[in-house]
Every structure is written in structure tokens, then in C-alpha cells.
Amino acid sequence: MTEATLVARFAPSPTGALHLGNARTALFNFLLARRSGGHFILRIEDTDAERSSDAYLEALVEDLRWLGLDWQEGPDTGGHSAPYRQSERTGLYADFQERLLVTGAAYPCYCTPAELELSRRTQLAAGRPPRYAGTCRELTAAQRRDREAHGLVPTLRFRVQPGAEVVFDDIVHGPQRFATDDIGDFIVRRADGSAAFFFCNAVDDALMGVSHVLRGEDHLANTPRQLLVLKALGLTAPTYGHVSMIVGDDGAPLSKRHGAPSLSGLRERGYLALAVRNHLFRLGHAPAVQGTLAIDAMAEAFDIGRLGRSPARFDLVQLDSWQKEAVHGLTDDAFAQWARAALAAVPPAEQAAFIAAVRPNVVFPDDVAAWARVVFGDAPSLSEAGVAVVRDAGGAFFGAAAAAAAASGNDLAAITAAVREATGRKGPALYKPLRLALTGLDHGPELAPLLRAMPRAKARERLIRYAG
RNA sequence: GCUCCCUUCGUCUAGAGGCCCAGGACAUAGCCCUCUCAAGGCUGUAACACGGGUUCGAAUCCCGUAGGGAGCGCCA
């Protein structure tokens, strides 16, 4: 790995299912690394032992793999910056925390969560920003000893120097400028000894050689804190880019009620990774090329300069459109694999014909299952209107149809020719009764291919029902 | 409350002062194809949040207003 290699990362915390916003962030970072032949790191931010779990971690990895992402370094693959789970990096953090303490860049804070909560409330009530009041900022050694004698275990708090400015360039938002006066002293190590986000996230990026960080815009206003930590430690900061949030169709932050569940939820509903990827790729990102893109084409088309700055709405209709395109582009084998459960009722010999007939009319495996029932299930029962149409066609109509079906196999052209000969019917008057008798429905995939997939005995039986 | 970010068709967006009475995609309407529904092809409807500037000229620059979002945690 050379000095110039681009290193990107995705750093989720395993505290729940992977949501679309995070999935998009992961995709963008992956693409960024991929397009430049750089490295993509998966780092697990599991410093919150209470909320993190191995089950979530496994699900996370599975979801990312399903999406089509892979990483050169990660908890399962290893790498030269291992370990990649922050819960296993505590010792590393301790050294840097010690340095902050020694240089006075951080100090022990003995305030209890209850005290801090009270302070926040009163500040908010008084119309002031809820920032750390600085209670423990200037404690003397004697005062510290006294508190520790009372059994208080301190946190480590970063000392933010007032009256300064933090400036940085955000690759998507441009130059940013924050006053340190607006930033309260923040915790760098919790009382239980674990490292806090602002600290370990920034330190790990530096330690792992991360050069570019694309993350949610919710981190924009927090970036100065991380820059302060890095500067105090003499570590190099990555280039940050803050990507807009994804919101629901009402403009509110995305949640389950928007029909936008976890990635695994989408997968369970039968969405193809290709569709989800392409949708995510274009949410808040306007690539120059159009159409469904494979991973490599996507990496090539990914362009930070084309990342939007305003929040993007998640639109299920748009996703479904990608899904439709993806389903239509599936090879027969891939289609069969995708709709495996729905195809259980389809005789293997008819599978290829069935898929060919039904493909333009399906978007989800459920659709496949519905057509499988129509073609391979019990003879359909007709609606009243359907019965009227069939009855109007008459027994001779179906007698001729059944005879032609028996003679020709399921050749629709032969059947319609025979019926036309026998009854003089043509056009809708000819096709509609046939469709109804055969499928029970007045709409559906093209009849000829559909009939070709249908077992001959079944077709004959459905026609004979209405003959004579 | 304070700080920061954002605001072009219903949706995702193109647009970096004249190329824009604003382009594409999805959605939508119509037409073609057609036994139907799809698929496919073609055509159409539809937007610069508002108000002030700057300029010969503004979607594009500046200032306000309004609306939305985020941050201010011993969550990440």
C-alpha cells in the first residue's frame, strides 16, 4: 500500500438492523475506495457494551455482503490495523488518553450522570445551550483526591480551549468554520474505562490510515470535536464529507412507518441487491450515467462532486422501478434462484417456459407464486362476469378448443385456428373466453407462452369443463 | 435556546451569471403495439420556497424571511 492509496471505511455500531441510510453510507465509501483501487475497511464501533451484540454484528456483515460489498480489512478478514472491533482496542486507546491527561488536554470529571442531566435540564429551561458547565475543569489535585476518596470514579473529559476557531474543508459542503466557544468539554473515556465516540472514532481513523470519511450529515456539527482531539494528539485528520440524510415521504427522518425497513427486511420481501444498490446509489447522488449499473460500473460512475447537500426522500415507487428492471434482467438461472420458494409448485420440466411467460408481469416472488397457482393449481373458479363470457362462447367453442388442444399439444395458434373455424369468432371474442377458461382471469401474461407452460392434461381439463 | 446544514417538476435530481420561457429518470396522462394486463416504443402535463438587492442580464452572487434537518449525551 502506497502513501497515496485512498483508504475509506464504514464504521457501524452493532446495535440494531442495518438501515438504508447506513447502507448507503457503506456503499458510498466502498465505491470511493473501489474506484481508486484503494482500501475499504469495516470497523465495528461496539464501545457501548450495553447495546452492542454479536448477533447484530453477524447480521450486519451478512447484510453488507448481500448488498455486494466487500472489505480488505475487517473483523472477519483481519488486516494490518487489527483488531477492528473497538471493544478490543481499549489498550490502544488508553495510551492516547493518558497523553491527553498528561498534557492537560483532558481532565478527570467527577460529575455523575444524574448531576449532568439536571444541569442540562436547567440550562435548556433557561434558554441556554445544554453544554457541560465546567464543574470539574479546574479541580486541584487535593479536590480530586477528595472525590476519589468518596468513591467517585471519574470520566476523562476533553478540555476545549475557548476563543478559538476550528476550520476544515468538507468535500461535499465546502469550507466550514466553528467557534470553540460553542463547544462544551466532552467525554473521551467513560467511567467504566471504555472510549467514547468522538475520541475512538477519530483516533482509529488516524491509526488505520483512513484518508476519506463519508458519513451522515448528523456528524457535521461534531466534526470540530474530533479535529480537536486529533490535533491535541498530533494525529492526521482524514478528509471528511458529510452526506445528506435520507428522509421519509413526509420529510421526517426515516423510520419503519415509511415502509423503509432494514436491508434484511427488503431482502426478505424479495428485493434484489442490484435494485437496492442502484436506488441507494442515486439517492442524493446524481451520477452522469443512467440505467441499472453493476458494481464496477457503479464504482466508475461514483462522483463525490455529484453528491447532493439537501436531504433525500426515500421513495418506494422508485425502488420498485429498479426492482422491476433488475428482475427483468435476471438470467433464467438467477430468476429461478430468486423465486425458488415461489417456483416449488412448478414442475421442473415446465420451469423455463413458465419463467419466460411470466417474467414481464412480476416484480416480487409473491407475483411469481400467484401465477404459479394460476397455471399449476386447481382449475380456477370464475367470477360472475367471467362465467357469462364463457357461457356466451358456448359448448361448441370449447369443444373445438379441447379437441385442438388434444391434437396439437398446447399450441395456442392451433387452438385459435380450430375455434375460429368452428365458430367464426375472432379477436377478443375468441381470446377472452379462452383466457378466462384457462386462467380464470381476464388479464395476465401473454396467453400463448403461458399455455405452453401449462401441463397438457390441465389445459384440456379446463377447456372440456365448458364444452358441450 | 444556541450553533451548523439544506430549499429546482409529485419524487430523485441536472444546472457553478447569458447555452434555461430550466434538461433527464421514476411516477402520471395519452398514443402505438396488442386477446387482456404487463413489458416495450413515442408524445405530453409538471418545478427554480418567498422578499429585497447586485448586474445590461440571476435558478445561479449578496442580504433578509419562511420552512425542513442536524448537533449541543458516560449513543454512535
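To find a chain, count down the sequence lines: A is the first, B the second, and so on, and within it residues start at 1.
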**Item:** Charged N-O contact under 4.0 Å between A/Arg43 and A/Asp205
**Value:** yes
**Item:** Point-to-point distance, once rounded to the nearest 0.5 Å, from CZ of A/Arg460 to CG of A/Leu438
**Value:** 12.5 Å
**Item:** Pairwise C1' distance, B/U7 and B/G64 [rounded to whole Å]
**Value:** 15 Å
**Closest to side chain of A/Tyr431, choosing from B/G40, B/C35, B/A76** = B/C35
**Request:** Could you tell me whether A/Phe198 contacts a base, only the sugar-phosphate backbone, or nothing, with contacts defined as non-hydrogen atoms closer than 4.0 Å?
**Result:** base
**Message:** For a quick check of understanding: with a heavy-atom distance under 4.0 Å over all strands, which category does A/Ser13 fall into, base, sugar-phosphate or nothing?
**Reply:** sugar-phosphate
**Request:** Using the P atom as the reference point in each nucleotide, state the distance between B/C50 and B/G73 in Å, no decimals.
**Result:** 37 Å
**Prompt:** Which part of the nucleic acid, if any, lies within contact of A/Asn222, taking any heavy atom under 4.0 Å across all strands shown: a base, the sugar-phosphate backbone alone, or nothing?
**Reply:** base
**Request:** Tell me the partner of B/C20, counting only Watson-Crick (N1-N3 plus N6-O4 or O6-N4) or G-U wobble (N1-O2 and O6-N3) with both under 3.5 Å; none if nothing fits.
**Result:** none
**Complete:** Mate of B/A59 across any strand shown (Watson-Crick or G-U wobble, both atom pairs under 3.5 Å) is none
**Message:** Quick check for you: among B/A70, B/C2, B/C12, whose closest atom lies nearest to any side-chain atom of A/Met245?
**Reply:** B/A70
**Message:** Using the P atom as the point on both nucleotides, what is the distance between B/U55 and B/C62, in whole Å?
**Reply:** 16 Å
**Selected nucleotide, minimal atom distance to A/Ser310 side chain, candidates B/U7, B/C35, B/A76** = B/U7
**Plane angle bin for A/His285 and A/Phe281 - parallel if under 30°, tilted between 30 and 60°, otherwise perpendicular** = perpendicular
**Prompt:** When rounded to the nearest Å, what value does the distance between P atoms of B/U28 and B/A66 take?
**Reply:** 38 Å
**Message:** I'd like the C1' distance from B/C26 over to B/A46, given in whole Å.
**Reply:** 14 Å
**Prompt:** Quick one: is the NZ or CZ of A/Arg225 closer than 6.0 Å to the six-membered ring centre of A/Phe198, and within 45° of its axis?
**Reply:** yes
**Message:** For a quick test of reading the model, state the closest non-hydrogen atom pair linking A/Asn410 to A/Ala459 and the distance between them.
**Reply:** OD1-CB, 3.7 Å
**Given B/C26, B/C6, B/C72, the nucleotide with the shortest approach to the side chain of A/Gln318** = B/C26
**Message:** If the test is side chain to side chain contact (heavy atoms under 4.5 Å, CB included), which one of A/Val203, A/Leu207, A/Thr47 qualifies with A/Arg89?
**Reply:** A/Leu207
**Prompt:** For B/U65, which nucleotide is its Watson-Crick or G-U wobble mate, given both distances must be under 3.5 Å?
**Reply:** B/A49
**Prompt:** Any salt bridge between A/Arg359 and A/Asp332, counting N to O under 4.0 Å?
**Reply:** yes
**Whole-Å P distance, B/G24 and B/G15** = 15 Å
**Message:** What's the closest nucleotide to the side chain of A/Arg120 if the choices are B/C74, B/C5, B/A76?
**Reply:** B/C74
**Asked** Which nucleotide in the list B/A38, B/A14, B/A76 gets nearest to the side chain of A/Arg306?
**Response** B/A14
**Asked** So which one's nearest nucleotide on RNA chain B is more toward 5', A/Glu217 or A/Asp192?
**Response** A/Glu217
**Fill in**
Among the nucleotides B/G71, B/C75, B/C26, whichever has the atom closest to the side chain of A/Val317 is B/C26
**Asked** Which nucleotide, B/U13, B/G40, B/C35, lies nearest any side-chain atom of A/Glu446?
**Response** B/C35
**First of A/Ala312 and A/Val362 reached from the 5' end of RNA chain B, by closest nucleotide** = A/Ala312
**Prompt:** C1' atom, B/C6 versus B/U13: distance in rounded Å?
**Reply:** 15 Å
**Request:** Among the candidates B/C2, B/A14, B/A76, find the nucleotide nearest to the side-chain atoms of A/Asp48.
**Result:** B/A76
**Base-pairing assignment for B/C31 (Watson-Crick or G-U wobble, both under 3.5 Å)** = B/G41
**Message:** Let's test this: given Watson-Crick or G-U wobble pairing with both distances under 3.5 Å, identify the partner of B/C72.
**Reply:** B/G1
**Asked** Reckon A/Arg215 touches a base, only the sugar-phosphate, or nothing at all at heavy-atom distances under 4.0 Å?
**Response** nothing
**Pair partner, B/G10 [Watson-Crick or wobble, under 3.5 Å]** = B/C26
**Asked** Hey, does A/Gly216 reach any base, or is it just sugar-phosphate, or nothing, if we go heavy atoms under 4.0 Å?
**Response** nothing
**Message:** Under 4.0 Å, heavy atoms only, any strand: does A/Gly184 hit a base, just the sugar-phosphate, or nothing?
**Reply:** nothing
**Distance below 4.0 Å between A/Arg359 side-chain N/O and B/A38 OP1 or OP2** = no
**Prompt:** Which listed nucleotide (B/A76, B/C37, B/U13) is nearest to the side chain of A/His443?
**Reply:** B/C37
